[in-house]
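Hydrogens, waters and symmetry mates play no part in the numbers below; they use all other heavy atoms, side chains included.
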There are 2 protein chains.
Amino acid sequence: MDQLRETLKGHQLRTTTCREDVLSTFINKKNALSHGDLEGALGENYDRVTIYRTLKTFLEKGIIHKVLDDEGLRYALCSHSCSEEKHQHDHIHFKCSACGETNCLETLHIPSIQLPNGYQPENFNLLIQGVCPKCN
Amino acid sequence: MDQLRETLKGHQLRTTTCREDVLSTFINKKNALSHGDLEGALGENYDRVTIYRTLKTFLEKGIIHKVLDDEGLRYALCSHSCSEEKHQHDHIHFKCSACGETNCLETLHIPSIQLPNGYQPENFNLLIQGVCPKCN
DNA sequence: CTTCACATGCAACAGAGTTGCACAATTATT
DNA sequence: AATAATTGTGCAACTCTGTTGCATGTGAAG
């Protein structure tokens, strides 16, 4: 409970029940969540729009990051302390085609890639689709 | 012109002006295109819905593939002959943060990655964001 | 040139995401 | 502890994206 307030404060955010609930949902369910997932979990307590705005705020402040998917956009907690200035992610996302869950594989990193001349890379995003250990 | 018909025939598709136009748009503009891009280019000639259905058909037949992006979905031509049965893509997509274009880097391949036990990969999708040679 | 299967356009709908504004809650100030 | 300033929330309305059903049009095969 207090940890939530700490996290929010640490990112210069007021503590509100909605933000606490969204944050704790991300912490409890460990996989990446879409807006729809959150609306399903918290929709009776908060307005759709508020959840959208909470996600946007968390994104900007570096609490969560986007996870790309062939069927839409999800969000997951930033593991290392990202901030408003610096979003650094070079880890891998794995989407299970059986259970549909998408997870960050924090321990793995994307190997460095030799790009052709003139390309200046800034951000890497690797999505692997397949079957996860739970469904295997 | 005839090449278009060949391509369509080769994928068991009737040649219609809409399909020819969509296909030639992909060939001319070489970058990945969203539905909106195509609607902008061809919207006066064809219905929104028809363009959606054309994209869906091209996807199923293996003429184009999805390109994931932090701001949505795009499509790009399949380089090697993909078919209805087999979609094989392990190349890299590069999105320029300056001009906004997304391109396939066909010559590069995603390095193999050692996944933790239990993960069965089937499909890889790597998006690199940065600055492309044109904007550098 | 006719027939059959398939492609298209239209209308209507469903869902995702955004914006403006009034009101409510949080934080800072005294 | 009370108030003012700031920021968050709910509601309504809207836009944009994508889908579905159905009637009509068009392409390919005989």
Pair B:K95 + B:D70, salt bridge at N-O below 4.0 Å: yes
Check whether A:S97 reaches the backbone of A:G130 with its side chain - one donor and one acceptor, N or O, closer than 3.5 Å. yes
Could you tell me which non-hydrogen atom of A:T54 sits nearest to which non-hydrogen atom of A:R19, and how far apart they are? CG2-CG, 4.0 Å
Determine whether A:F58 and A:Y75 satisfy the following criterion, ring-ring contact (aromatic ring centres under 6.0 Å, His included), listing intermediate values before the conclusion. CA-CA 10 Å; A:F58 281 11; A:Y75 304 90; 9.9 Å; no
Taking side-chain contact (heavy atoms from CB on, under 4.5 Å) as the criterion, tell me which of A:Q129, A:R74, A:H65, A:K66 meets it with A:H93. A:H65
Heavy-atom closest contact (B:C78 atom, B:G62 atom, distance): SG-O, 3.5 Å
Hey, which sits more toward the 5' end of DNA chain C by its nearest nucleotide, B:T16 or B:R48? B:T16
If each of B:L73 and A:I51 is mapped to the nucleotide of DNA chain D with the nearest heavy atom, which maps nearer the 5' terminus, i.e. the 5' end? A:I51
What is the nucleic acid contact for B:T15, judged by heavy atoms within less than 4.0 Å: base, sugar-phosphate only, or nothing? sugar-phosphate
Counted 5' to 3', the first and last nucleotides of DNA chain D within 4.0 Å (strictly under) of a heavy-atom of chain A are D:dT6 to D:dA12
Donor-acceptor under 3.5 Å (B:N125 side chain, A:L127 main chain): no
Would you kindly compare A:V49 and A:Q12 by the position of their nearest DNA chain D nucleotide and give the one closer to the 5′ end? A:Q12
Can you pull the contact range of chain B along DNA chain C, 5' to 3', using atoms under 4.0 angstrom from its heavy atoms? C:dA5 to C:dA11
For A:R14 and B:D47, take the nucleotide of DNA chain C holding the closest heavy atom to each; which residue's nucleotide lies nearer the 5' end? B:D47
So, the side chain of A:D21 versus the backbone of A:C18: is there a donor-acceptor pair under 3.5 Å, distance only? no
Check every strand shown and say whether A:R19 touches a base, only sugar-phosphate, or nothing at a heavy-atom separation below 4.0 Å. sugar-phosphate
